Amino acid sequence: MKNSFLLHVDRSTYQEIPFEEITFLASLKANMLEEISQEIYLIEISLSDNDDDQIAAIVKVGAYCGEYTGYSCGGSWESAVTKSFESIRHQIDLLANLPMQENTN
């Protein structure tokens with residue numbers, strides 16, 4: 001399913017980021033993207049502190065059907081990553097409900 005996992009952590013991040021736990025959470029959340037989970041070839045997570053003493057997370061998921069990006073902030077890396085995956089889930093749901101239109105040109 002997933003061929004590559006990239007993790008970027010800003011060196012000034014004040015929270016400890018355990019690699020094994022973040023990879024487990026990312027795999028769990030990626031598996032919940034049922035429509036594209038078998039097509040995922042890349043998960044990239046970037047974590048950094050923002051000015052409000054929160055962790056900012058950018059999650060990029062590359063799949064053969066498209067690329068998705070989610071962004072969120074939270075009090076912990078877990079909540080920021082989870083909310084970012086939820087943002088991607090919302091994007092997939094929105095795209096699934098768009099009416100298909102044939103190009104007649």
Side-chain angles (χ1 to χ4, degrees):
M1 181 172 65
K2 289 160 279 304
N3 297 327
S4 297
F5 182 83
L6 302 172
L7 176 63
H8 304 279
V9 179
D10 187 327
R11 291 185 348 165
S12 66
T13 302
Y14 69 92
Q15 289 186 2
E16 183 177 322
I17 311 292
F19 183 74
E20 294 82 15
E21 290 181 29
I22 197 166
T23 54
F24 177 76
L25 179 63
S27 293
L28 180 68
K29 295 298 180 182
N31 287 334
M32 294 178 146
L33 305 175
E34 296 94 6
E35 296 85 355
I36 66 165
S37 64
Q38 294 302 316
E39 299 183 13
I40 294 175
Y41 63 85
L42 171 72
I43 297 174
E44 181 177 355
I45 299 175
S46 298
L47 299 170
S48 62
D49 290 344
N50 68 12
D51 295 334
D52 298 326
D53 291 331
Q54 292 190 330
I55 298 289
I58 299 173
V59 174
K60 297 179 184 177
V61 174
Y64 294 108
C65 62
E67 295 184 4
Y68 305 90
T69 302
Y71 171 81
S72 183
C73 292
S76 66
W77 65 266
E78 295 99 330
S79 63
V81 169
T82 297
K83 290 176 187 175
S84 294
F85 271 101
E86 289 171 3
S87 173
I88 292 171
R89 160 96 264 145
H90 183 68
Q91 293 172 45
I92 293 170
D93 290 344
L94 286 175
L95 291 173
N97 292 324
L98 287 178
M100 297 298 284
Q101 205 172 35
E102 183 178 340
N103 186 356
T104 58
N105 290 333

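The model shown is predicted, which means the values in this text are computed figures rather than measured ones.
Under the side chain to side chain donor-acceptor pair (under 3.5 Å) criterion, the residue pairs touching residues 79-88 are Ser76-Ser79, with sequence neighbours excluded.
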Report task. Apply the test side-chain contact (heavy atoms from CB on, under 4.5 Å) to residues Trp77 and Ile45: give CA-CA distance (whole Å), side-chain angles for both, the deciding distance (0.1 Å), then the verdict. Result -> CA-CA 11 Å; Trp77 65 266; Ile45 299 175; over 6 Å; no
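Here the closest heavy-atom approach between residue Tyr41 and residue Glu67 is recorded as OH-OE2, 3.4 Å. Considering all non-hydrogen atoms of both residues, Gly74 and Ala80 come closest at N-CB, 3.8 Å. In terms of heavy-atom proximity, Gly75 sits nearest to Gln54 at N-NE2, 4.3 Å. A pairwise comparison of heavy atoms in Ile88 and Thr69 identifies CG1-C, 3.9 Å as the closest pair. Pairing each heavy atom of Gln91 with each of Tyr68, the nearest pair is OE1-CD2, 3.9 Å.
For the pair Ser27 (side chain) and Phe24 (backbone), a donor-acceptor distance under 3.5 Å is absent. Side-chain atoms of Arg89 never come within 3.5 Å of backbone atoms of Lys29 as a donor-acceptor pair (strictly under, hydrogens ignored).
Val59 and Met32 fall into different hydrophobic clusters, where Ile, Leu, Val, Met, Phe, Trp and Tyr side chains are chained together by heavy-atom contacts under 4.5 Å. Tracing side-chain contacts under 4.5 Å through hydrophobic residues (I, L, V, M, F, W, Y), one never reaches Leu28 starting from Ile22; they form parts of separate clusters.
In this structure, the side chains of Phe85 and Leu25 stay at 4.5 Å or more apart for every pair of heavy atoms.
Here the straight-line distance linking atom SG of Cys73 with atom CG of Asp49 works out to 10.0 Å at 0.5 Å rounding. Atom NE2 in His90 sits 11.5 Å away from atom CD1 in Ile92 (nearest 0.5 Å).
Through direct or indirect side-chain contacts shorter than 4.5 Å among Ile, Leu, Val, Met, Phe, Trp and Tyr, Ile58 is connected to Tyr71.
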